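One structure below.
Every value quoted in this text rests on a predicted model; they were computed, and no experiment measured them. Here is how names work: the chains are called A, B, and so on, in the same order as the sequence lines, proteins then strands, and each is numbered from 1.
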Amino acid sequence: MIKIEELSKRYHDNIVLENVSLDINEGDVIGIIGPSGTGKSTLLRCIDQLEVPESGFISLGDKKIDLSKKNKKDIYEIRQNTGMVFQRFNLFEKKTVLENVMEGLIVVKNLPKEEARKIALEELKKVGMTAWANHYPKHMSGGQQQRVAIARALAMKPKLLLLDEPTSALDPELVGEVLDVIKEIAGKGFTMLLVSHEMSFVRNVSNRVIFLDKGHIVEDGTPAEVFDHPKNQRTKDFFAKMNLMNQPDYII
Amino acid sequence: MSNIFDFKLVFTQIPNLLLYLPITLELAIISMILGITLGLLLAIVKIREVPVLKQIATFFISLIRGTPILVQLYIAYFGIPMFFKWLNYQYGTDFKVADVSGFIYAVVALGINQSAYNAEFIRAALLSVGTGQIEAASSLGMTYFQALRRIILPEAITVALPSLGNSLISVIKGTSLAFTCAVVEMTAQGKIIGGRSYRYFEVYISLAIIYWVITIIIEQILKLIEKRLAIPDQVANYVPEDEVRA
Ligand SMILES: Nc1ncnc2c1ncn2[C@@H]1O[C@H](COP(=O)(O)OP(=O)(O)OP(=O)(O)O)[C@@H](O)[C@H]1O
Ligand SMILES: [Mg+2]
């Protein structure tokens, strides 16, 4: 459905992504894991055009966009088809929860206010935030803000939802409520790319897992394949380190 | 002279001066609108680093800030008509330079002067809005100008408000120089009144009181606006309409 080909991104001499290709099928929930600094965020940001890749192609259905020659229209087309959920929520501070979710519908989709309001309330209901519709971001906990941010992205009906560590800025006790929401939308067949350090959650919610290492996809398979039988040495080392860190304190 | 200082006159002539308050305010408000609009444009050009325009903006700001407003007013008053006369002469155009009132020159000079100062704090206010929100707007599919209008400006305005207030106060005081363009506003009228009675000192005291009161009023209005724009500390939960009816 959405196809990424030969995506490359560098910061000066630092090559962050090198010829990354990824075929995303409808309904795929792809977990992206990997060590810190390997380009997971950069990959999502390059797909959403928040970062400018040097080269690569993105195909939306039949249309193939050359990222090295794209124009403004291409960018808006890609962004209309993708939604982004950020680590730090990035809600609009001066707008209420309801206005946050309505914003894209009104400004980008040009929907009449009443219709936008209806859709926004539906989306807020899905993430259990209806009662908070009149509140402002500063009134809410991180978990609540993130649920609103998910509703805001979903309201635009993107073909692909990009989630960049949606729970890593949250206090531990708030992680669960956000993961529950993500799990629910994954169950509804939304296509998404999920970058997360919550390994058991990734394993649980994804139908496909990608291991990114130094700007390359070194592992791509079902959760069982990647987690239980990693082919690459880097992946094995990564899991070994993870396990070590996750051991209960009293053993140490 | 019976008394050196006519205390009563200070207050009794205030109504005479206030007759010219509308002109002072008109000058100030129109200059302010021009100053904010142009200042916003300059700020955007600098933030977006528009090639060529950015250099022009930097040069323009430096020039305006580096020259006295009195000189700028004189240049506007004498220079603009000269420029149009030259245009008429060179290109056979027919600008009616003589019909243009001094008011226009004063507003142009005051507005341009203000814009150079406004550009800096408007830029700082725009930059104070976190990139996160701007990225969120972009990822929804908004253009920069949509994000500017809907997301950046509403937040930046609260940051800029105190500086905007200072700017308005300074432009009101700046209008007292509009006599250079042959505009009779409050201060010029004061000079005329003073010239009649030779009670210059009293008239300047009266003017000082008026300007001071105006400034205090503006400060109070700003405080009110600031309160209105602030995010409320608490709001009631939302209750869906169908539940209200039930
Ligand atoms: N604006 C930038 N300028 C220079 N280098 C950058 C910039 N942004 C990211 N990088 C570099 O790109 C690399 C990949 O960063 P990225 O944020 O994509 O990693 P990540 O996999 O998301 O890591 P994490 O798990 O810590 O979030 C890092 O080495 C980082 O230092
Ligand atoms: Mg990251």
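Residue contact with chain B, scored on non-hydrogen atoms closer than 4.5 Å, involves the backbone of A:Leu91 exclusively. With a 4.5 angstrom heavy-atom cutoff, B:Ala236 touches chain A only via backbone atoms. Heavy-atom distances place both the backbone and the side chain of B:Thr143 under 4.5 Å from chain A. Interface residue A:Asp48: only side-chain heavy atoms are found under 4.5 Å from chain B. Only the side chain of A:Met156 has a heavy atom closer than 4.5 Å to any heavy atom of chain B. Both the backbone and the side chain of A:Phe92 come within contact range of chain B, with heavy atoms under 4.5 Å apart.
The pair A:Glu77-A:Lys63 meets the salt-bridge criterion, since a charged nitrogen lies less than 4.0 angstrom from a carboxylate oxygen. Under a 4.0 Å N-O distance rule, the pair A:Lys94/A:Glu99 does not qualify as a salt bridge. With salt bridges taken as basic N to acidic carboxylate O contacts below 4.0 Å, one links A:Arg45 and B:Glu135. Salt bridge A:Lys126/A:Glu184: absent, no basic N to carboxylate O contact under 4.0 Å.
Between chain B and the options A:Lys95, A:His139, A:Lys109, A:Lys72, the largest number of non-hydrogen pairs under 4.5 Å is found for A:His139.
Between the CD1 atom in A:Ile30 and the CZ atom in A:Arg208 there is a gap of 4.0 Å [rounded to 0.5 Å].
Donor-acceptor pairing under 3.5 Å is lacking for the side chains of A:Thr96 and A:Asn134.
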